Amino acid sequence: MNNVRTIQETVVRFAPGKDHDSLMHKPGYAGKPFSRVDANLKVKGEALFSADFKVENPAFAALVYSTITKGRITTIDTSEAASSSGVLAVITHENAPKIPTPPVFDPTGESKGTAASDSPVLQDNRIYRDSQPIAIVIAATLDQAEYAGTLVKVDYETEIATVSFAACKPEAVTPSDVLGEEPEVKIGNAGTAFSEAEATTDNIYRTPRYNHNAIEPHATIAVWNEDDSLLVYDPPQNLYGVKHTLAILFGLAPEKVRVVSPFVGGGFGGKGTLWDNTMLCVIAAKTVKRPIKLVISRAGVFRLAGGRTLSEQRVALGAKKDGRLTALIHSGITAMSKHNNFPEQFTFPARHLYSPKNIFAGQKVVKLDTIANTFMRAPGESIGAFALELAMDELAYSLKMDPIELRRINEPKTDPAKNTAFSSRHLIEAYTLGAEKFNWQKRHAEPRGQRDGKWLVGQGVATAYYPVLRLPATAGIRINADGTAFVKAAAHEMGMGTATVQIQHAAEKLGLPLDKVSFQYGDSDLPESPIAGGSNQTVSIVASVTAAAEKIHKELLALAGRNADSPLSNLTYEQIEARNNGLFSKTDAPEGETYMSILKHAGKDHIKVNASSEMPTELKQYSMHSYGAQFCEVRVNEETGETRVSRWLGSFDCGIILNPKTAISQFRGGIIMGIGMALTEETLFDERKGRIMNPSLAEYHIPVNLDVPYIDIIYNNIPDAHTPIGAHGIGEIGITGVAAAIANAVFNATGKRVRDLPITLDKLL
Amino acid sequence: MRENIEQPEALVDVTGLPFTQIEELSNGSIYIGATVKNTEVANHRIIRERYPVLAQAILSGASGQIRNMATVGGNLLQRTRCYYFYDEAAGCNKRHANSGCDAIDGFNRIHAILGASDACIATHPSDMCVALAALDARVCVEGKNGAREIAFNDFHRLPGNTPQIETDLQADELIMAIEIPQTEFVANSLYRKVRDRSSYAFALVSIAAALEIQNGKIVNIRIALGSVAHKPWRAFEAERALIGAAATKENFSRAADQELKQAKGFAHNMFKIELAKRTIVSALNNLAESGGAR
Ligand SMILES: Cc1cc2nc3c(=O)[nH]c(=O)nc-3n(C[C@H](O)[C@H](O)[C@H](O)COP(=O)(O)OP(=O)(O)OC[C@H]3O[C@@H](n4cnc5c(N)ncnc54)[C@H](O)[C@@H]3O)c2cc1C
Ligand code: SF4
């Protein structure tokens with residue numbers, strides 16, 4: 001069958017091409033700036049994203065969305081749509097196959113659920129929110145499906161919806177947990193300490209809703225095979241989560257569901273949970289018994305996938321005259337839907353960054369009739385750091401103290417909330433290195449001290465902060481008799497360089513040249529990997545590959561031991577190491593044998609193992625975080641209020657950097673996204689209807705090239721002794737602290753404190 | 001059409017029409033055919049030398065790719081960017097007569113401060129048209145009843161009670177060309193666009209201005225504002241106030257106040273009134289410095 005062949009071709013195998021970098025043959029691959037192994041494919045347009053896969057006889061689906069916010073469908077007339085040319089079926093709640101309530105994302109992983117929301121998908125006539133999908137139109141071509149979608153006629157009975165954050169604030173509730181942690185942390189008595197403090201700041205900070213705009217929209221191809229197994233091409237950040245959730249929804253054994261996703265065209269959290277579109281595509285394929293392709297339009301992505309919640313935060317700081325913090329209060333409210341549980345952990349930075357004896361960090365939520373909010377790059381930390389780091393700057397200014405000095409004075413010795421030792425913390429060093437390279441000492445502390453014609457110039461700093469996360473993972477290694485190795489994990493390549501870095505690490509672990517190692521990923525038939533979220537993927541997989549390498553080396557040693565002539569036969573595992581394409585004595589003696597030789601003598605054409613990493617108990621024992629210092633310079637037009645970022649330096653403390661090229665891209669990408677968060681992006685959510693009014697790239701302003709200056713990145717490369725090869729995940733920290741650094745620089749330039757994002761020109765007129 | 005606002009029964013491709021010339025006419029006017037691409041207009045030598053405001057306006061609009069495709073006729077007839085106009089779920093008098101105007105109490109940051117009505121507060125978003133308004137261009141149109149010329153300022157309409165009727169163009173008429181009269185002093189002109197990001201965003205406020213000063217007195221002036229009204233807004237009041245006056249910042253500022261006295265803001269766009277004033281003053285100052293004087 002054609003499908004089978006396609007499947008075999010989909011698993012992405014990367015063995016770098018012949019004309020590779022000469023560095024590749026040198027030992028010590030980790031830490032080297034190798035180019036992405038998939039760069040050629042991508043530049044040539046040959047990398048296959050979900051919607052690019054060719055399947056036999058596909059039909060196309062388009063969605064019809066609700067135009068009311070809450071209520072019931074009284075009639076839905078699909079007759080005209082159904083008789084429109086090319087239409088194969090119109091599916092509504094009246095004729096959709098019955099499926100259970102989607103199991104929502106569970107941070108513990110126990111329920112295996114990964115749905116964004118538990119609102120039913122096409123199961124009854126109720127409308128839970130604006131833009132809820134209410135019909136799927138399937139046709140021979142996309143145009144026919146989209147056109148027929150406009151012919152579906154719906155009558156509603158509307159009910160009053162709860163969509164106004166402002167109106168609901170008084171009834172905000174404390175959530176049961178915040179990503180598995182306590183919703184409130186109280187240390188000492190922050191209220192009393194604040195009221196007795198010698199110096200204080202106490203302000204409200206607001207961040208708006210934001211939406212992800214990955215270049216690849218959510219796109220799915222669903223194929224039901226003859227044996228009732230399900231194949232789905234979909235770009236998730238959580239292959240196994242999608243596999244299990246679909247299995248639950250469609251009553252299948254998990255091994256009957258295969259999710260394939262060699263490349264994800266950007267996720268940023270927007271593909272971290274399962275949205276309705278994938279389920280609808282599977283429903284459609286089941287109904288018409290044909291492969292279905294469902295590609296969501298840009299506006300559809302805004303309507304179908306939730307974004308970042310808005311927030312209203314209070315930060316109150318109390319300090320002694322010398323700058324020592326005595327009280328830190330960080331509280332506030334975010335919005336969720338009635339069908340999910342994601343409060344967005346904006347009070348987390350306050351729990352771990354500074355050293356006051358009295359801390360209150362607690363958050364509340366309101367629950368609205370809207371689409372579920374979800375993760376967006378550094379959820380919580382990015383918006384929380386905005387408020388906290390602005391407050392630190394405000395305190396520093398009121399104390400006439402350099403803002404970096406204020407951080408130095410308040411550097412904690414142990415974790416303020418957990419009272420555990422830091423696994424690795426060099427925040428002040430990051431500030432020192434950054435300040436020197438940025439020429440921080442040249443800054444005028446007083447606002448409006450620098451100008452260039454009509455442009456007021458200012459500089460700002462803020463702390464970047466993101467926790468270290470590792471999740472248990474499984475990896476497979478297969479070593480072949482020809483001396484090559486395959487490393488396998490159901491990992492996600494969203495453009496970060498996952499495959500490249502994993503090959504670098506595995507080659508080093510196995511003592512093989514890079515071009516002998518290939519990495520297979522992007523397929524839920526491969527060993528289980530965790531969600532690519534919380535910046536955990538790289539280190540989680542490195543840990544599982546480490547476990548698999550140990551296991552395969554032990555098995556190879558045992559195999560070699562059966563051959564009395566093998567130089568390895570009287571060596572123990574502790575006495576050997578992997579190098580020169582095989583296993584050799586750790587001493588200088590050339591005792592050892594290549595993998596080829598071991599397998600040849602054993603008469604095997606390959607050996608393979610799967611192994612899992614251990615539970616991440618280190619996260620309980622230590623306070624494990626990444627840090628950084630963001631430095632920026634802005635120019636604000638005195639006449640028009642336009643703000644332009646003119647200089648950037650990010651100085652990071654994130655353990656060992658495995659590949660400077662891919663890592664610096666991640667830092668820069670995060671900073672660019674932060675510039676958007678600070679200055680240009682805002683989802684216009686009309687509270688009268690709970691509807692997004694700017695669902696397009698023309699009106700939702702992500703930064704353009706001209707908005708982004710050269711971004712200088714430095715990092716200290718200090719290994720964390722408690723993480724796999726001393727590395728931290730670095731995908732999200734880049735965005736944290738960016739908006740605060742910009743707001744602080746705007747204050748330095750203009751003397752105006754803007755505490756509401758985005759900092760648009762009207763706020764500076 | 002992609003937004004399902006227009007549902008035409010038939011489409012006629014006008015891109016093949018032979019209105020592709022940019023020519024200097026015997027009376028010194030410049031003739032620009034309706035199907036000339038925006039990029040070509042902006043790069044034309046005569047336009048750059050004699051009408052820099054037009055080249056700058058076009059280059060500040062959209063993106064390079066869009067400008068390469070966009071025609072002069074099409075740019076004149078582009079629709080508003082009002083969010084509610086594009087939303088099938090919204091009340092919008094422009095889209096469905098008598099369905100209300102959701103923008104008035106909704107997101108109206110990009111909406112009109114001048115010449116709006118209770119029926120519609122949308123703006124015309126074009127950059128090019130602001131320059132053409134300042135240049136006193138004429139729109140040459142032709143229909144069943146023959147050819148005629150429409151003064152640029154009469155081409156686009158204020159919304160009144162019929163926001164769905166946006167221009168003076170009749171259903172059977174085609175735009176053939178634009179003619180820009182010869183006006184030497186507009187060589188000292190500029191276009192300034194204030195927007196939410198550095199490029200690829202519509203204006204919050206824009207200005208096309210030209211200035212001539214003799215013996216310290218303003219003898220010729222043109223001011224048109226963009227993204228403040230349902231049409232490119234020729235600031236006649238400000239122009240009248242400045243003719244014969246000294247080219248000082250104070251006078252510019254007084255004239256800007258005069259023009260914007262009639263302005264009315266809404267919840268999210270009040271700032272545009274102040275921004276428009278500042279932009280006028282800034283642009284005229286620049287022109288006074290850059291050679292308005294002879
Ligand atoms: C993302 C985006 C950003 C943009 N940003 C800007 C910006 O910043 N500034 C700006 O000014 N513009 C901007 N534009 C608008 C762009 O300039 C216009 O889309 C373009 O000028 C339209 O030209 P066109 O030839 O493609 O017209 P079309 O879209 O093909 O036509 C528009 C209308 O004019 C009619 N028409 C075309 N020619 C004639 C004729 N000769 N006679 C009669 N009717 C005719 C068509 O029937 C149609 O109704 C932007 C557009 C997009 C999509
Ligand atoms: S401003 Fe005009 S275009 Fe916008 S909603 Fe109101 S009537 Fe429609």
Side-chain angles (χ1 to χ4, degrees), chain A residues 64-69 130-131 143 146-147 149-151 156 297-299 303 454 637-645 675-676 679-709 758-765, chain B residues 1-5 7 60 62-64 66 81-92 102-110 125 192-207 249 253 265 268-283 285-286:
Chain A
V64 180
Y65 302 98
S66 153
T67 53
I68 67 157
T69 317
D130 172 77
S131 300
D143 294 344
E146 284 186 347
Y147 174 66
T150 67
L151 303 175
Y156 302 97
S297 67
R298 179 61 57 186
R303 305 240 174 267
K454 286 173 186 163
N637 187 303
E638 203 179 6
E639 288 170 347
T640 59
E642 292 156 293
T643 299
R644 304 285 181 250
V645 180
I675 292 175
L679 295 176
T680 58
E681 292 181 44
E682 176 173 17
T683 301
L684 300 179
F685 177 86
D686 192 322
E687 288 209 337
R688 293 172 299 179
K689 279 195 162 178
R691 192 167 169 85
I692 294 174
M693 295 317 303
N694 58 342
S696 90
L697 284 171
E699 318 294 349
Y700 182 97
H701 293 146
I702 59 169
V704 297
N705 279 326
L706 258 182
D707 293 314
V708 181
I759 307 172
T760 45
L761 58 88
D762 45 303
K763 296 174 185 168
L764 295 169
L765 279 181
Chain B
M1 249 162 58
R2 280 292 294 164
E3 303 289 342
N4 211 22
I5 296 168
Q7 289 135 339
S60 73
S63 66
I66 292 174
R81 304 306 301 186
C82 172
Y83 314 115
Y84 300 92
F85 176 64
Y86 291 97
D87 185 9
E88 52 172 343
C92 171
D102 274 358
I104 290 177
D105 293 318
F107 288 110
N108 45 38
R109 175 178 168 77
I110 59 174
R192 170 84 163 95
K193 179 174 180 179
V194 183
R195 50 184 150 180
D196 274 330
R197 62 180 167 190
S198 309
S199 125
Y200 202 38
F202 290 92
L204 290 167
V205 167
S206 68
I207 181 170
K249 197 168 174 182
S253 183
H268 300 106
N269 72 352
M270 288 290 180
F271 74 94
K272 279 178 143 189
I273 300 175
E274 175 65 19
L275 182 62
K277 289 182 190 171
R278 292 187 184 198
T279 312
I280 293 173
V281 176
S282 164
N285 265 335
N286 278 357

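To find a chain, count down the sequence lines: A is the first, B the second, and so on, and within it residues start at 1. These numbers come from a predicted model, not from an experiment.
A/T150 is not listed as a side-chain neighbour of B/Q7, based on a closest heavy-atom distance of 4.5 Å or more.
Atoms CG and CZ, from B/D102 and A/R688 in turn, are 4.5 Å apart once rounded to the nearest 0.5 Å. To the nearest 0.5 Å, the span separating CG on A/L684 from NE2 on B/H268 amounts to 8.5 Å. Remark: A/H701 NE2 to B/R195 CZ distance equals 10.0 Å, nearest 0.5 Å. To the nearest 0.5 angstrom, A/T640 atom OG1 is 10.0 Å from B/L204 atom CG. Rounded to the nearest 0.5 Å, atoms OH (B/Y86) and CG (A/N694) are 13.5 Å apart. Separating the CZ atom in B/R197 from the CG atom in A/L761 is a distance of 14.0 Å, to the nearest 0.5 Å.
Using modelled atom types, one finds no donor on one side chain facing an acceptor on the other under 3.5 Å when comparing A/D686 with B/Y83.
At a 4.5 Å heavy-atom cutoff, the contact between A/E699 and chain B is made by side-chain atoms alone. For A/L697, the part lying near chain B is the backbone, with the side chain staying farther off; criterion is any non-hydrogen pair under 4.5 Å. B/D105 touches chain A through backbone and side chain together, each having a heavy atom under 4.5 Å away. Interface remark: A/E682 contributes no atoms to any contact with chain B (heavy atom separation under 4.5 Å). With a 4.5 angstrom heavy-atom cutoff, A/N705 does not touch chain B via any of its atoms. Heavy atoms of A/E687 lying under 4.5 Å from chain B are absent altogether. Contacts between B/Y84 and chain A at a heavy-atom distance below 4.5 Å involve backbone atoms as well as side-chain atoms.
Salt-bridge check for A/R303 with B/E88: failed, with every basic side-chain N at 4.0 Å or more from each acidic carboxylate O.
Here the closest heavy-atom approach between residue A/L706 and residue B/S199 is recorded as CD1-CB, 4.0 Å. Of all non-hydrogen atoms in A/A698 and B/R81, the two that sit nearest each other are CB-NH2, 3.7 Å.
At most 12 heavy atoms of other shown residues, nucleotides or ligands fall within 6.0 angstrom of atom OH in A/Y147. Within a 6.0 Å sphere centred on NZ of B/K249, other residues, nucleotides and ligands contribute 12 heavy atoms or fewer.
Of the listed residues (B/D87, B/N4, B/D196), the one with the most heavy-atom contacts under 4.5 Å to chain A is B/D87.
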